[in-house]
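These notes concern the structure reproduced below.
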Number of protein chains: 2
Amino acid sequence: MEKEKEVTIYDLARKLNISIATVSRALKDDPVVSKKTKKKIFELAEEMGYRSNHFARNLRNKRTDTIGVIVPRLNSYFMSTVIAGIENVANNEGFNLIISQSSESAQKEMNSVKTMFNNRVDGLLVSLAYDTEDITHFETLYRKNIPVIFFDRVAEQDMCTNVLIDNRRAAYEATKHLIQQGCKRIAHITATPKRNVYIDRLEGYKRALAEFDLPFSNDQLIIGNLSQEDGALAAAQILAIPERPDGIFVANDNSAVGCMLALKQAGIRIPEDIAFVGFNNDPVSKVVEPNLTTINYPGYEMGEVAARNLINHLTGIATITSTNTILLRSELVVRGSSLKNKT
Amino acid sequence: MEKEKEVTIYDLARKLNISIATVSRALKDDPVVSKKTKKKIFELAEEMGYRSNHFARNLRNKRTDTIGVIVPRLNSYFMSTVIAGIENVANNEGFNLIISQSSESAQKEMNSVKTMFNNRVDGLLVSLAYDTEDITHFETLYRKNIPVIFFDRVAEQDMCTNVLIDNRRAAYEATKHLIQQGCKRIAHITATPKRNVYIDRLEGYKRALAEFDLPFSNDQLIIGNLSQEDGALAAAQILAIPERPDGIFVANDNSAVGCMLALKQAGIRIPEDIAFVGFNNDPVSKVVEPNLTTINYPGYEMGEVAARNLINHLTGIATITSTNTILLRSELVVRGSSLKNKT
DNA sequence: CCGTTAATTGTAACCGATTACATAAATATT
DNA sequence: AATATTTATGTAATCGGTTACAATTAACGG
């Protein structure tokens, strides 16, 4: 069960009676090596099953062609879509991905950053954990000049590059849409506004209300963990509000769906009694009845853009140091759950 | 913008006026080094911001503490859940993950295998692409004695270890359940039976039919790509069948849901006219109305089990060479879509 | 045919850790 | 105090590439 001995450039060199330097150059397709020698070397390499040793190379080159990715959780539709986008770009460019999840814990996130750091990733793509308060754990990376790009859940720092959508505007559009459908009392279901995404969505929501002179009071704000189950709990709260809302803007589709189902159970008609707008364009939004109006959040593109920018920076094609924020387009997708005025 | 110089054990040794050997040992917490010296070294390391160079270490040790993962696609609920399970175990054990997706293409899968191989992963976890016919591209790994564990989409090889559920039995249970609910003409929506998962599910379905003396003809078999959209297309086919089925077993929830929605649109009542059973226990199964009866597929556990077994093998705790197959428990989750006999 | 330049190839010093073996220091034994 | 043990540290080879610089060979012009 002994591992077969690895073939090295020394073996190739010995067999061909040439120097390892020539072999090394040939394998990198260095034009300085004559075609005949190259041919010989390539053929022998193939024949002997040679494979280059990345560690020896990285040790010398001090780069790893590896990108680290840290996300709050892997098993959400949105995140897995982003990662698919990242993988696509990275793979095409010959970069490897090492991935870890923080499970929404700042502590685990710090550990992951340290691990990535020790693994000498060339750069890092990060979506912050829910309870990450400060981002000092990234300072070691800055000191070593390792680029970090945040996406979706970003930090309000000045020194880093962020890829995200305009959450404020999207939330504003979502809320405005409800208003235009005739809603007068619009509630908002979201998570504790600690992270940018929730803060911004809340702001956009409030801005729309203010603009159309609709009142806002705190009992219109329902804070939860945005899970589907939590949406059902939110439904109970909604029903308990004296002046029942006639429209709800939810910060994610999962929770919106949970809430809708529970309300329907309670005999509420959607959208007639309460209209809904969600966020993310998750697959469930097309399954629930009526289909959920939502904000299309381009996860795959976000992954591609983040990875592309990081790699361009690493390869020197374009630098991100001057880029502070990249905003992706998002748009309202109108479906049945909000269409009070059916035409 | 020059990268700060890395601190090495040489720097530490020089500063403390001791040898690099002692430093190296101390950092690995080798008991042979005295506590005092260790303390000094740890403190200085901390102070100077030393981090070990994995490449130098790997170069020496010939192991990478890295596991490769190749999946057909990252952005599916099931796969991302499996990966979350893998990540959890790997991370706890100090292993890194490098992940790539084959996008259901055998060609891309081969490339990924090669990349993983060149990156010297210690082991590989693979779920095969849809159109992978033979698995000769894994032979290089076997030759170098790199363990490979397949999960979910496995190969019918004898030499490899597979982690999966008993698809045949699960499909049998699903179909039997429909029969017990009074269904007489049961259709099956699935993908081309090339991969084990679809072959086995088809067999289980047929076995149940046979056992209860129900007929099977090819027009009860609807082949598609199992997407939600494809489910809608399947609905059209269903409606076109002269003797319309009164029960449908679908090989995944997404497609089942697409089909259900389209049939409801066409005025079919579920489960009264047609009962449904899906597969996977995807979140959408709890959103569609009526809720979809399905097979609970323990993705997270599957990821954990696969990773745990691979790592145990790598660390020598337990070997997988004798293990051919690990079956995980799956079970039927009965919900409204199949309950014709409401009690 | 010889000197000069261009095209190839070789030599050897890294990159930063690990570890077998040798050596020195501290402690125990007689 | 001298010797045997144990404990702690050091020396140097090794892992497999990369690359600056030196050396060799081939091609060219006169």
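Computed from a predicted model, the values in this text were never measured in an experiment. Lettering follows sequence order; numbering is per chain, from 1. All heavy atoms count here, side chains included; hydrogens, waters and symmetry mates do not.
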Residue B:S52, side-chain heavy atoms: nucleotide from C:dT8, C:dA17, D:dG17 that is nearest: C:dA17

Nearest listed nucleotide, side chain of B:I9, among D:dG10, C:dA13, C:dT18: C:dT18

Sugar-phosphate, base or nothing in reach of A:K35, heavy atoms under 4.0 Å: sugar-phosphate

Side-chain donor/acceptor contact of B:R25 with base of D:dG10 under 3.5 Å: yes

Short side-chain N/O contact from A:K62 to OP1 or OP2 of D:dT18, under 4.0 Å: no

Whole angstrom value for the distance that separates P of D:dT14 from CG of B:L59: 14 Å

Heavy-atom neighbours of B:K194 NZ exceed 12 at 6.0 Å: yes

Between A:Y300 and A:N88: side-chain donor-acceptor atoms closer than 3.5 Å: yes

Nucleotide D:dG10, atom C1' - distance to OH of B:Y10 in whole Å: 13 Å

Of the listed nucleotides C:dT9, D:dT18, D:dT9, the one nearest the side chain of A:T37: C:dT9

Base of D:dG16 paired with side chain of A:R51 (donor-acceptor, under 3.5 Å): no

Presence of B:K28 side-chain N/O under 4.0 Å of C:dT19 phosphate oxygens OP1/OP2: yes

Candidates D:dT18, C:dA17, D:dA8 - which lies nearest the side chain of B:S34: D:dA8

Residue closer to the 5' end of DNA chain D, B:P31 versus B:A56 (nearest nucleotide): B:P31

Interatomic distance, B:R63 CZ vs C:dA17 C1' [rounded to whole Å]: 15 Å

Distance in angstrom units between A:L16 CG and C:dG10 C1', rounded: 15 Å

d(CZ, B:F55; C1', D:dT18) in whole Å: 15 Å

Sugar-phosphate only, base, or nothing, as touched by B:N58 at under 4.0 Å among non-hydrogen atoms: nothing

Rounded interatomic separation in angstrom, taking CZ from B:R14 and C1' from D:dG10: 16 Å

Separation of B:K40 NZ from B:K36 NZ (nearest 0.5 Å): 10.0 Å

Polar side-chain contact B:R60-D:dT14 base: donor and acceptor under 3.5 Å: yes

Sugar-phosphate only, base, or nothing, as touched by B:T8 at under 4.0 Å among non-hydrogen atoms: sugar-phosphate

Distance in angstrom units between A:L27 CG and D:dG16 P, rounded: 15 Å

A:D30 CG - C:dT8 P separation (whole Å): 11 Å

Pairing of A:R195 and A:E104 as salt bridge, 4.0 angstrom limit: no

Closest listed nucleotide, where the reference is the side chain of A:R57 and the choices are C:dG10, D:dT18, C:dT19: D:dT18

The single option from B:D65, B:N96, B:T66 passing side chain to side chain donor-acceptor pair (under 3.5 Å) against A:N119: B:N96

Candidates D:dT19, D:dT9, D:dG16 - which lies nearest the side chain of A:S24: D:dT19

B:T64 and B:D122 side chains, donor-acceptor separation under 3.5 Å: yes

Out of C:dA17, C:dT18, D:dT11, whichever nucleotide has its closest atom nearest the side chain of B:S19: D:dT11

Which nucleotide in D:dG16, C:dT19, C:dA12 has an atom nearest any side-chain atom of A:I20: C:dA12

Sugar-phosphate, base or nothing in reach of B:V32, heavy atoms under 4.0 Å: base

